[in-house]
Amino acid sequence: EGDGGPETEVEADDSAGADADSAADGSTARIREALDEVRTEVRKAAVVHAAVDAAFLALLANLVLALVDPAWLAVGVRLPTALAYALGAIPLVGDFAPRAVGATSLLAVAVGVVAFAGEYAFRLRRPLVEQFEAANPQIREALRTARDAVDHGADTEMARRLYGDVIETLGRTSTLELVETRRVAVTVVLVVLVSLASVQVAVVDPDLAGILGVGGGEPTVDRPDEDELQDGEEILGDPEDVEA
């Protein structure tokens, strides 16, 4: 009666149950954090692909517009005062920051922004964890099982062991598999080439539209040499009745 045996056993059972619940909650929280980190890494890879492709398309659009040089884009757009001051405050940029931007450049930037948004949305159309599983087949089955267990709220001893194994395996997994290295490298090379071509076009300033006869400018008219003496009657035209 005085040794408190039954009460001690009940307290021990409660303590063991509390420890088990705490371990289960900790394992579930860790695997949820790991899945969130996996989704974040997939988003980062999507940003890399979208940014590189958008830069290439923007530069390509700028090059094409510079070659064609449509007349309806031969205007300048003044930058807002706040943006102009912000650019002027950036070291190594302030001395070269323009106060006005050509419509051609703005259109090329718009092409890049639309391309970035479109590709980023396109790459995230599939579930993010499934994309990570496809890029890392060695963990595909275990990660899928752990994800299903978390979604169903499993807190058994087997589920906790599975969570631990998945988290340990994720620590040895490289997220570089999410990036198509060869494709990104080729796109970067194309960006450099298009940039160099854009510089050459800016220096030479060819009128491709005029050469092809598709320009929107006014047609050229043959005019006589200003140094050549011209007939007065051709300049004045036919005589008219002044009084009328």
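Just so it is clear, the model here is predicted, and its values are computed rather than measured. Residue numbers run from 1 in the order of the sequence given.
- Using a distance-only test at 3.5 Å, with no hydrogens or angles considered, no donor-acceptor pair links the side chain of E119 to the main chain of A54.
- Taking the side-chain hydrogen bond (donor to acceptor under 3.5 Å, both in side chains) definition, one finds that D53 meets it with R183, sequence neighbours left out.
- Residues L170 and F132 are in side-chain contact: their nearest non-hydrogen atoms beyond the backbone lie under 4.5 Å apart.
- At least one side-chain heavy atom of Y120 sits under 4.5 Å from a side-chain heavy atom of R43.
- When the side chains of ILVMFWY residues are joined at heavy-atom separations under 4.5 Å, either directly or via intervening members, V201 and V191 end up in a single hydrophobic cluster.
- Cluster membership check: F122 does not share its hydrophobic cluster with L178, using side-chain heavy-atom separations under 4.5 Å among Ile, Leu, Val, Met, Phe, Trp and Tyr.
- The closest side-chain heavy-atom distance from I139 to E133 is not below 4.5 Å.
- For the atom pair CG (L162) and CD1 (I31), the distance works out to 7.0 Å, reported to the nearest 0.5 Å.
- Ionic pairing of R125 and E130 is not present here: no N-O contact between side-chain nitrogen and carboxylate oxygen is shorter than 4.0 angstrom.
- No continuous path of ILVMFWY side-chain contacts below 4.5 Å connects V52 to L124, so the two sit in separate hydrophobic clusters.
- Hydrophobic clustering of Ile, Leu, Val, Met, Phe, Trp and Tyr side chains at less than 4.5 Å, counting indirect connections, keeps F56 apart from V184.
- For the atom pair CD (E180) and OG1 (T187), the distance works out to 9.0 Å, reported to the nearest 0.5 Å.
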Check your understanding: Where do F116 and L57 land on the side-chain contact (heavy atoms from CB on, under 4.5 Å) test, with the steps shown first?
Key -> CA-CA 9 Å; F116 177 86; L57 291 177; over 6 Å; no
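- Interatomic distance, OG1 of T145 versus CG of D165, reported as 11.5 Å (0.5 Å rounding).
- Residues G112 and A58 approach most closely at CA-CB, 3.9 Å, considering heavy atoms.
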Anything under 3.5 Å between a donor and an acceptor, one on a side chain of residues 33-42, the other on a protein residue two or more places apart or in another chain? List them.
from : atom 1 : to  : atom 2 : distance (Å)
D36  : OD1    : R39 : NH1    : 3.2
T40  : OG1    : D36 : O      : 3.0

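- When all heavy atoms are compared, the tightest approach of S198 to L59 is OG-O, 4.2 Å.
- Under a hydrophobic-cluster definition in which Ile, Leu, Val, Met, Phe, Trp and Tyr are linked whenever side-chain heavy atoms come within less than 4.5 Å, directly or via other members, L63 and V186 are assigned to the same cluster.
- In the hydrophobic clustering, where aliphatic and aromatic side chains (Ile, Leu, Val, Met, Phe, Trp, Tyr) are joined below 4.5 Å either directly or transitively, V113 groups with V109.
- For the pair L176 and T181, the minimum side-chain heavy-atom distance is 4.5 Å or more.
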**Study point:** Trace of the side-chain contact (heavy atoms from CB on, under 4.5 Å) decision for Q138 with T173
**Key:** CA-CA 9 Å; Q138 70 275 13; T173 304; 4.2 Å; yes
